[in-house]
Amino acid sequence: MKVVKIFTFDSSHLLDGHDGKCKNLHGHTYKLEVEISGDLIADGPKEGMVLDFGDVKNVVKQYVLDRMDHAFLYNRLSEREKTIASLLEGWGLKTYALEQRTTAEVMSYHIFQILQQQGLPVTRVRLWETPTSYSEYEV
């Protein structure tokens, strides 16, 4: 059985060294789909569920949304992006570092790993960067 919970969050980023317009600082309203798979719970207060949607929401909120929403997402290994992040942090503004470029592909994999580490039986993360473009990581 599979269930999916959908979230949205807003972030800014740039792709340092990219050969297109995404080399410029810009933002997205991301749509995040988190798929959970497993057997139905056989008894108790959550009988008939794979996992309570509220439990999924709590984990995603704490470990993804609270950290990435309205943050400057940046590649910690890029000197230029690190400089921008340092400036923003000096003003008390929110940033979130990754160890790679902040592409939709890297972010979908990163979010999948975070949720898996928190014990969610996640089988797919789909991250929409625009209404017509998404990246998906699944097992």
Side-chain angles (χ1 to χ4, degrees):
M1 179 68 65
K2 296 179 181 181
V3 294
V4 176
K5 181 85 175 139
I6 298 173
F7 306 87
T8 60
F9 64 97
D10 297 296
S11 298
S12 62
H13 75 142
L14 59 89
L15 300 177
D16 187 28
H18 183 60
D19 60 358
K21 63 183 181 179
C22 291
K23 67 183 175 187
N24 296 300
L25 181 61
H26 62 285
H28 297 284
T29 296
Y30 290 97
K31 179 172 131 180
L32 172 64
E33 298 179 24
V34 176
E35 178 186 276
I36 305 295
S37 297
D39 296 329
L40 296 180
I41 297 169
D43 56 19
K46 297 184 184 189
E47 178 183 346
M49 298 178 175
V50 173
L51 192 64
D52 189 311
F53 285 121
D55 294 340
V56 176
K57 179 182 176 181
N58 290 339
V59 172
V60 172
K61 181 181 180 315
Q62 181 178 356
Y63 293 97
V64 178
L65 303 180
D66 287 351
R67 297 173 182 187
M68 292 184 174
D69 185 40
H70 284 81
F72 171 63
L73 310 176
Y74 72 100
N75 177 358
R76 180 189 321 261
L77 304 178
S78 162
E79 286 303 317
R80 287 172 51 147
E81 291 182 35
K82 211 165 58 172
T83 299
I84 294 167
S86 180
L87 179 65
L88 294 171
E89 290 163 1
W91 292 333
L93 300 177
K94 191 172 174 182
T95 67
Y96 185 89
L98 284 88
E99 299 296 322
Q100 292 179 278
R101 283 178 134 186
T102 54
T103 62
E105 296 88 340
V106 167
M107 289 176 56
S108 62
Y109 177 74
H110 178 76
I111 292 168
F112 183 96
Q113 294 296 315
I114 289 171
L115 298 178
Q116 192 174 54
Q117 290 167 6
Q118 296 310 312
L120 285 184
V122 60
T123 49
R124 179 178 58 86
V125 165
R126 179 178 287 172
L127 184 66
W128 293 82
E129 191 173 77
T130 71
T132 61
S133 305
Y134 70 83
S135 171
E136 179 175 283
Y137 182 80
E138 68 179 323
V139 291

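Values reported hereafter were calculated over all heavy atoms of this structure, with side chains retained and with hydrogens, waters and symmetry mates removed. Along the sequence shown, the residues carry numbers beginning at 1.
Contact detail for V122 and V139: the closest heavy-atom pair is O-CG2, 4.3 Å. R76 approaches A97 most closely through the heavy-atom pair NH2-CB, 3.4 Å. Contact detail for M68 and S11: the closest heavy-atom pair is O-OG, 2.6 Å. Shown here for P121 and L51, the closest heavy-atom pair between the two residues is CD-CD2, 4.1 Å. In terms of heavy-atom proximity, Q62 sits nearest to R67 at O-NE, 3.7 Å. Minimum interatomic distance between V59 and Q118 (heavy atoms only, all atoms of both residues): CG1-CB, 3.8 Å.
Put simply, L14 and L73 are part of two different groups of oily side chains (I, L, V, M, F, W, Y) that touch within less than 4.5 Å, one to the next. Linking ILVMFWY residues whenever their side-chain heavy atoms come closer than 4.5 Å, directly or via other members, leaves L98 and L15 in distinct clusters. Placement of V4 and F53 in two distinct hydrophobic clusters is found when ILVMFWY residues are connected by side-chain heavy-atom separations under 4.5 Å, directly or transitively. Taken together through direct or relayed side-chain contacts under 4.5 Å among Ile, Leu, Val, Met, Phe, Trp and Tyr, M107 and Y74 form parts of separate hydrophobic clusters. Side-chain heavy atoms closer than 4.5 Å link hydrophobic residues (I, L, V, M, F, W, Y) into clusters, and following such links, possibly through other members, connects I114 to V125.
With values rounded to the nearest 0.5 angstrom, T102 atom OG1 is found 5.5 Å from E81 atom CD. Rounded to the nearest 0.5 angstrom, T29 OG1 and D10 CG are separated by 3.5 Å. In this structure, E129 CD and Y134 OH are separated by 14.0 Å, a value rounded to the nearest 0.5 Å. Separation of atoms CD (E89) and CG (L87) is listed at 9.5 Å; rounding is to 0.5 Å. Note that CG of L77 and NZ of K82 are 8.0 Å apart. Values are rounded to the nearest 0.5 Å. Between I6 atom CD1 and L32 atom CG the span is 9.0 Å, to the nearest 0.5 Å.
At a threshold of 4.5 Å between non-hydrogen side-chain atoms, the residues L40 and V50 count as touching.
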Worked check of ring-ring contact (aromatic ring centres under 6.0 Å, His included) between Y96 and H110: CA-CA 12 Å; Y96 185 89; H110 178 76; 5.6 Å; yes
Salt bridge (Lys or Arg N to Asp or Glu O under 4.0 Å) assessment of D52 paired with K57: CA-CA 9 Å; D52 189 311; K57 179 182 176 181; over 6 Å; no
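The backbone N or O of T130 lies less than 3.5 Å from no partner atom in the side chain of S133, so there is not a single donor-acceptor pair. In this structure, the side chain of R80 does not engage the main chain of D16 through any donor-acceptor pair within 3.5 Å.
In this pair, H28 and H26 present their aromatic rings perpendicular. The plane angle is above 60°, beyond the 30 to 60° band. Note: F9 and Y30 have parallel aromatic rings, judged against thresholds of 30 and 60 degrees for the angle between ring planes.
Counting heavy-atom neighbours within 6.0 Å of N24 CG, excluding the residue itself, gives a total above 12. For CZ of F7, the number of neighbouring non-hydrogen atoms (other residues, nucleotides, ligands) closer than 6.0 Å is greater than 12.
Note on K94 versus D69: no salt bridge recorded, every NZ/NE/NH1/NH2 to OD/OE distance being 4.0 Å or above. Classification of R124 and E138 as a salt-bridged pair fails, no side-chain N sitting under 4.0 Å from a carboxylate O.
Using modelled atom types, one finds a donor on one side chain and an acceptor on the other under 3.5 Å when comparing E35 with T123. No donor-acceptor contact under 3.5 angstrom links the side chains of T83 and S86, judged on distance only.
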